[in-house]
Amino acid sequence: MRTSKITRKTKETAISLSLEILDKGERGSFSGTSGIGFFDHMLNSFAVHGGFNINLECEGDVYVDGHHTVEDVGIVLGKALHEAAGDMKGITRFSDMLMPMDEALCMCAVDYSGRPYLAFDADFKSVSIGGYDTQLTVEFMRALAYNALITLHVKMLYGDNDHHKTEAIYKSVGKCIGKALEISGSAVPSAKGVL
């Protein structure tokens, strides 16, 4: 079993997150709350479609806004993914996909490389969706990529509804990370022999 539990406490947030990477084809689940309803909905989509069991305990200064909570959950989830992935032996490493969500279409590509990078191209018409600031999507993805040590490319090709666009992003990123972490061999997938 590939599992991890990470805790992080700052003056702004107190987070405990447990993660299990499931076997190929298994449906993940999300439990707990960030204190931001729409963000919980996105984390659930990430978990279900990525094949991760995620339990989140989070207290954040959401009376200020959601920034610290969303970014710090991204940090903790990224660290948990990195720890649960272990020595990377046998992982698929690369993954890409197109994710439709009604009228919206998102492209995502992942390299589980040990080299953190984010390329993010998505615009939103709304300032917020149900108390979740749309500008926090890129902040979450940056924190996730840099703490999971992955190269992550996200491009919203088109879409009108910001809920659909955001959900397509979270689903595609979860799905791509899950596929990149599937075991498909026994060696570390790198010409250098390490990731």
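Positions are given from 1 along the sequence.
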Novice: Does any part of the side chain of Met156, heavy atoms only, come nearer than 4.5 Å to the side chain of Ile169, both counted from C-beta?
Specialist: yes
Novice: Which value, rounded to the nearest 0.5 Å, describes the distance between His68 atom NE2 and Cys58 atom SG?
Specialist: 12.5 Å
Novice: When you compare the side chains of Thr151 and Asp111, does any donor N or O come within less than 3.5 Å of an acceptor on the partner?
Specialist: no
Novice: Does any part of the side chain of Val70, heavy atoms only, come nearer than 4.5 Å to the side chain of Tyr132, both counted from C-beta?
Specialist: yes
Novice: Other residues, nucleotides and ligands only: do more than 12 of their heavy atoms fall within 6.0 Å of CD on Glu59?
Specialist: no
Novice: Are Met99 and Phe30 co-members of a hydrophobic cluster defined by side-chain heavy atoms under 4.5 Å apart?
Specialist: no
Novice: By the definition side chain to side chain contact (heavy atoms under 4.5 Å, CB included), identify the one residue from Leu144, Leu152, Ile21 that meets it with Ile177.
Specialist: Leu144
Novice: Please examine the side chains of Asn147 and Val76, heavy atoms only from C-beta on, and report whether any two atoms are closer than 4.5 Å.
Specialist: no
Novice: Answer with yes or no whether the side chains of His67 and Gln135 bring together a donor and an acceptor at under 3.5 Å.
Specialist: no
Novice: Are there more than 12 heavy atoms of other residues, nucleotides or ligands under 6.0 Å from atom CG of Asp123?
Specialist: no
Novice: Could you state whether Leu81 and Val48 fall into the same hydrophobic cluster, counting links through intermediate Ile, Leu, Val, Met, Phe, Trp or Tyr residues with side-chain heavy atoms under 4.5 angstrom apart?
Specialist: no
Novice: For the residue pair Thr69 / Ser34, report whether a side-chain donor-acceptor contact shorter than 3.5 Å exists.
Specialist: no
Novice: I need the minimum non-hydrogen distance between Ser186 and Lys89, along with the two atoms involved.
Specialist: O-CB, 3.7 Å
Novice: Is Met101 reachable from Val138 through a run of hydrophobic residues whose side-chain heavy atoms are each under 4.5 Å from the next?
Specialist: no
Novice: In Å, rounded to the nearest 0.5 Å, how long is the span from CE of Met88 to CG of Leu149?
Specialist: 7.0 Å
Novice: With a cut-off of 6.0 Å (strictly less than), are more than 12 heavy atoms of other residues, nucleotides or ligands near NZ of Lys179?
Specialist: yes
Novice: Would you say the side chains of Asn53 and Ser29 form a donor-acceptor pair under 3.5 Å?
Specialist: yes
Novice: Apply side chain to side chain contact (heavy atoms under 4.5 Å, CB included) to residues Thr10 and Asp72 and explain how you reach the verdict.
Specialist: CA-CA 9 Å; Thr10 72; Asp72 286 5; 3.9 Å; yes
Novice: Can you hop from Met97 to Phe52 via hydrophobic side chains spaced under 4.5 Å?
Specialist: no
Novice: Under 30°, 30 to 60°, or over 60°: which ring-plane class applies to His163 and Phe38, parallel, tilted or perpendicular?
Specialist: perpendicular
Novice: Under a plain distance cut-off of 3.5 Å, with no hydrogens placed, do Ser95 and Tyr112 share a side-chain donor-acceptor pair?
Specialist: no
Novice: Out of curiosity, Asp102 CG to Glu167 CD, how far, rounded to the nearest 0.5 Å?
Specialist: 9.0 Å
Novice: Among the clusters formed by ILVMFWY side chains lying less than 4.5 Å apart, do Met107 and Tyr117 turn up in the same one?
Specialist: no
Novice: Any chance you could lay out the side chain to side chain donor-acceptor pair (under 3.5 Å) test for Asp133 and Ser128, step after step, and finish with the verdict?
Specialist: CA-CA 4 Å; Asp133 294 340; Ser128 66; 4.9 Å; no
Novice: Which residues pass the salt bridge (Lys or Arg N to Asp or Glu O under 4.0 Å) test with Arg27, not counting sequence neighbours?
Specialist: none
Novice: Do Ser16 and Ile6 touch side chain to side chain, with heavy atoms closer than 4.5 Å?
Specialist: no
Novice: Under 3.5 Å, is there a donor-acceptor pair between the side chain of Thr92 and the main chain of Glu182?
Specialist: yes
Novice: Ignoring hydrogens and geometry, is there a side-chain-to-backbone donor-acceptor pair from Arg2 to Glu83 under 3.5 Å?
Specialist: no
Novice: Less than 4.5 Å apart, any side-chain heavy atom of Tyr146 and any of Ile75?
Specialist: no
Novice: Between Ile54 and Ala47, which heavy-atom pair has the shortest distance, and what is it?
Specialist: CD1-CB, 3.9 Å
Novice: Which pair of non-hydrogen atoms, one from Cys108 and one from Ser172, has the smallest distance, and what is that distance?
Specialist: CB-OG, 3.6 Å
Novice: In Å and rounded to the nearest 0.5 Å, what is the OG to CG distance from Ser31 to Asn44?
Specialist: 9.5 Å
Novice: I'd like to know if the side chain of Thr13 reaches the main chain of Ile15, judged simply by a donor and an acceptor atom lying under 3.5 Å from each other, with no hydrogens or angles considered.
Specialist: no
Novice: Tell me the closest heavy-atom pair linking Ser126 and Thr134, and the distance in Å.
Specialist: O-OG1, 2.7 Å
Novice: How about Thr33 and Leu56: do any of their side-chain heavy atoms sit closer than 4.5 Å?
Specialist: no
Novice: Is it the case that atom NZ in Lys175 sees more than 12 heavy atoms from other parts of the structure closer than 6.0 Å?
Specialist: no
Novice: Take Lys155 and Cys106 through the test side chain to side chain contact (heavy atoms under 4.5 Å, CB included) and record every step on the way to the result.
Specialist: CA-CA 6 Å; Lys155 182 175 180 62; Cys106 180; over 6 Å; no
Novice: How many angstroms lie between NZ in Lys125 and CG in Asn161, if you round to the nearest 0.5 Å?
Specialist: 8.5 Å
Novice: Which heavy atom in Leu98 sits nearest to a heavy atom in Leu157, and how many Å separate them?
Specialist: CD2-CD1, 3.7 Å
Novice: Decide yes or no for Ile129 and Thr166: does some side-chain heavy atom of the first lie under 4.5 Å from some side-chain heavy atom of the second?
Specialist: yes
Novice: Considering all heavy atoms of both residues, which atom of Phe46 and which atom of Tyr170 are nearest to each other, and what is their separation?
Specialist: CD1-O, 3.7 Å
Novice: Assess whether side chain to side chain contact (heavy atoms under 4.5 Å, CB included) is satisfied between Lys5 and Thr3, documenting all intermediate values.
Specialist: CA-CA 7 Å; Lys5 183 167 185 178; Thr3 62; over 6 Å; no
Novice: Before you tell me yes or no, could you show the steps for Leu136 and Phe39 under side chain to side chain contact (heavy atoms under 4.5 Å, CB included), namely the whole-Å CA-CA distance, both residues' side-chain angles and the distance that decides it to 0.1 Å?
Specialist: CA-CA 10 Å; Leu136 295 181; Phe39 185 44; over 6 Å; no
Novice: So do Glu12 and Glu71 actually touch side chain to side chain, heavy atoms under 4.5 Å?
Specialist: no
